[in-house]
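These notes concern the structure reproduced below.
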Amino acid sequence: MTKSGWAASLGPGLLFAATAVGVSHLVQATRAGAEAGLGLVGWILLALIVKYPAFRFGAHRPAVTGTSLLQGYRELGRWALVLYAGVTLATMFTVQAAVTLVTAGLVLAAFDVRASPGLVGTFVLVAATLVLVAGKYQGLRRITGVLVAALSLTTLIVAAAVLPKVDLSTLGPGVPSPVPLAFLVALVGWMPSGPDVSVWHSLWVLEAGRSSGAALEPRQVLRDFDVGYAGTALLALSFVVLGAGLLYGRPPLPGSAGGFSRGLISVYADVMGAGFRPVIALCAVAAMASTTLAVLDGFPRALSRLWLRFGSDENELEETTGRAERAYWFALTALVVGSAIILNLFFSSLRGLVDLATTLSFLTAPVLCFLNHRAVFSPSLPPEKQPSSGLRWASLASVALQIMFALVFLVVSRGTS
């Protein structure tokens, strides 16, 4: 691959980072530090390790076959597509509403807007849709790179300054006693993100190849993913440090979208100075806007390709774009309308909506991880194109652990209800 082609291949990794460095980091990781100090670091690292194979397969499949995970599902049988469709339809509106509500809260805090979070969230959805209409993939990649880099740099600087204030005695195994199981599940449900992002990543890799006009090189595609994944892990720990150093032992941040966001921005301003508050606010808005953009593109892109896979065995690189584009815009419109309804009619609590969305992702994760495993260890793939045996066993262990955790949560929840 030429240098320009390699640069183009960096796009999917940036989009993955943009999707991850949002609610799971800004909200959930910060809450983890605020409520338990460093006591939940082990669980965050466990989630990152356990989910790694499933996410990596989203880069592996397109890199070695030129087809997405959805084509891998199709090769398993239409039952796999139906299963994926069910999981997606059950979670997509809540997930999109959750990330949009966090973005709306940051807009309220940054610009001192006096309006309902639902109304601002609807405006964010419409604005993000216009960005996708105008720029499509290339515009999304460029915007995402700038926005994620801005917040990432700010977060690393603040976390380094806060680290000496962190109570290291809170670090340890197990679950700290004040932390409820429901929050632990919500934390790991999107750490670093929901497994459905692996399907989007496989489609972004293919789109990057089409946009660059260069053949994909597996080693470079996988390196791009690994860099993005390592970056999201580092930032997750940085947000925990922020919460542990500045909020642990204090009253919790408000549960409303605007109140939580103002408190979060104040965390940065307390370290960097009040003069930096506008800059910090803009970085936070930018980062969550990039997450909203990535999610708003990911679900419709996956659903449009899913629709084509039901009726066709064609190679995805040979498909006409007309049918896919029409399905994409239809799915995007439905997602915007459904998410706006949730924002305006059903949820006023940021924590409630975020915890619901992340818990749904936690419970459906074993299904998607299993499908990803089958898609890359399919008999249709020659052994030399399959991941290593080490990743095979790590993936099987990951699926088993996630099934066990989901069952334990359901049993415990049923016993306490």
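Only this structure's heavy atoms are used, side chains among them; waters, hydrogens and symmetry mates stay out.
- Look at D226 and R219 and you find no salt bridge, because none of the NZ, NE, NH1 or NH2 atoms lies under 4.0 Å from a carboxylate O.
- Rounding to the nearest 0.5 angstrom, the gap separating the NZ atom in K51 from the OH atom in Y229 is 7.5 Å.
- Taking OG1 from T291 and CD from Q96, the interatomic distance works out to 10.5 Å, rounded to the nearest 0.5 Å.
- Looking at heavy atoms from C-beta onward, H373 lies in side-chain contact with F377 at the 4.5 angstrom threshold.
- Panel note: side chain H25, backbone F239; no donor-acceptor pair is recorded below 3.5 Å.
- Taking CZ of F362 as the reference point, atom OG1 of T358 lies at 10.0 Å (rounded to 0.5 Å).
- Contact of the L125 side chain with the L343 side chain is registered, since non-hydrogen atoms from C-beta on lie closer than 4.5 Å.
- Ring geometry, F225 versus H201: the interplanar angle exceeds 60°, so the pair is classed perpendicular (tilted spans 30 to 60°).
- Residues Y328 and L303 form no side-chain contact, since every pair of their non-hydrogen atoms from C-beta on lies 4.5 Å or further apart.
- Taking CG of L242 as the reference point, atom CG of L247 lies at 8.5 Å (rounded to 0.5 Å).
- Annotation: the span from S380 atom OG to E75 atom CD amounts to 3.5 Å, rounded to 0.5 Å.
- Looking only at distances, a side-chain donor or acceptor of S198 sits under 3.5 Å from a matching main-chain atom of P195.
- Side chains of D297 and W204: a donor on one and an acceptor on the other come within 3.5 Å.
- Looking at heavy atoms from C-beta onward, L156 lies in side-chain contact with L234 at the 4.5 angstrom threshold.
- In this structure, a donor-acceptor pair under 3.5 Å is absent between the side chains of Q71 and R74.
- Across every non-hydrogen atom of V162 and G245, the tightest pair is CG1-CA, 3.4 Å.
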**Request:** Could you go through the side chain to side chain contact (heavy atoms under 4.5 Å, CB included) check for V221 and V64 one step at a time?
**Result:** CA-CA 10 Å; V221 171; V64 302; over 6 Å; no
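- Side chain of S304 to backbone of R301: a donor-acceptor contact under 3.5 angstrom is found.
- Heavy atoms only, all atoms of each residue included: L391 and F57 are closest at O-CZ, 4.2 Å.
- When only modelled atom types and interatomic distance are considered, T292 and T103 share a side-chain donor-acceptor pair under 3.5 Å.
- Side-chain contact check for S202 versus R61: every heavy-atom pair is 4.5 Å or farther apart.
- In summary, the aromatic rings of F16 and F55 are positioned with their centroids under 6.0 Å apart.
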**Request:** Output, in order, the C-alpha distance, side-chain angles, deciding distance and verdict of side chain to side chain contact (heavy atoms under 4.5 Å, CB included) for V295 and W200.
**Result:** CA-CA 9 Å; V295 175; W200 310 350; 3.9 Å; yes
**Request:** Would you sort out whether N344 and T122 count as a side-chain hydrogen bond (donor to acceptor under 3.5 Å, both in side chains), showing the intermediate values?
**Result:** CA-CA 8 Å; N344 287 280; T122 302; 2.9 Å; yes
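- Of all the heavy atoms in I342 and T94, the pair that sits closest is CD1-N, 4.0 Å.
- A donor-acceptor contact under 3.5 angstrom links the side chains of S361 and W190, judged on distance only.
- Looking only at side-chain heavy atoms (C-beta outward), Y73 and R374 stay at 4.5 Å or farther from each other.
- At least one donor-acceptor pair under 3.5 Å links the side chain of N372 to the backbone N or O of A54.
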**Pair W43-L48, side chain to side chain contact (heavy atoms under 4.5 Å, CB included): steps then yes or no** = CA-CA 9 Å; W43 288 95; L48 290 165; over 6 Å; no
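- Atoms CD1 and OG, on I157 and S238 in that order, are 11.0 Å from each other to the nearest 0.5 Å.
- Two residues are said to be in side-chain contact when any heavy atoms from C-beta on lie closer than 4.5 Å; D224 and V205 fail this criterion.
- Nearest heavy-atom pair, Q402 versus A365, reported as atom, atom and distance to 0.1 Å: OE1-CB, 3.2 Å.
- No donor-acceptor pair under 3.5 Å is formed between the side chain of S339 and the backbone N or O of V336.
- H60 places a side-chain N or O within donor-acceptor distance of the main-chain N or O of K385, the cut-off being under 3.5 Å.
- The environment of F123 atom CZ is sparse: at most 12 non-hydrogen atoms of other residues, nucleotides or ligands sit within 6.0 angstrom.
- V87 is not listed as a side-chain neighbour of D196, based on a closest heavy-atom distance of 4.5 Å or more.
- At distances below 3.5 Å, at least one donor-acceptor pair connects side-chain atoms of Q386 with backbone N or O atoms of L381.
- Contact between A244 and L38 at its shortest, heavy atoms only, is CB-CD2, 4.1 Å.
- Between A98 and V23, the shortest heavy-atom distance links the atoms O-CG2, 4.3 Å.
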**Message:** F299 vs L332, test: side chain to side chain contact (heavy atoms under 4.5 Å, CB included). Steps then yes/no.
**Reply:** CA-CA 8 Å; F299 276 122; L332 178 63; over 6 Å; no
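- Using a 4.0 Å cut-off between charged nitrogen and carboxylate oxygen, R305 and E207 do not count as a salt-bridge pair.
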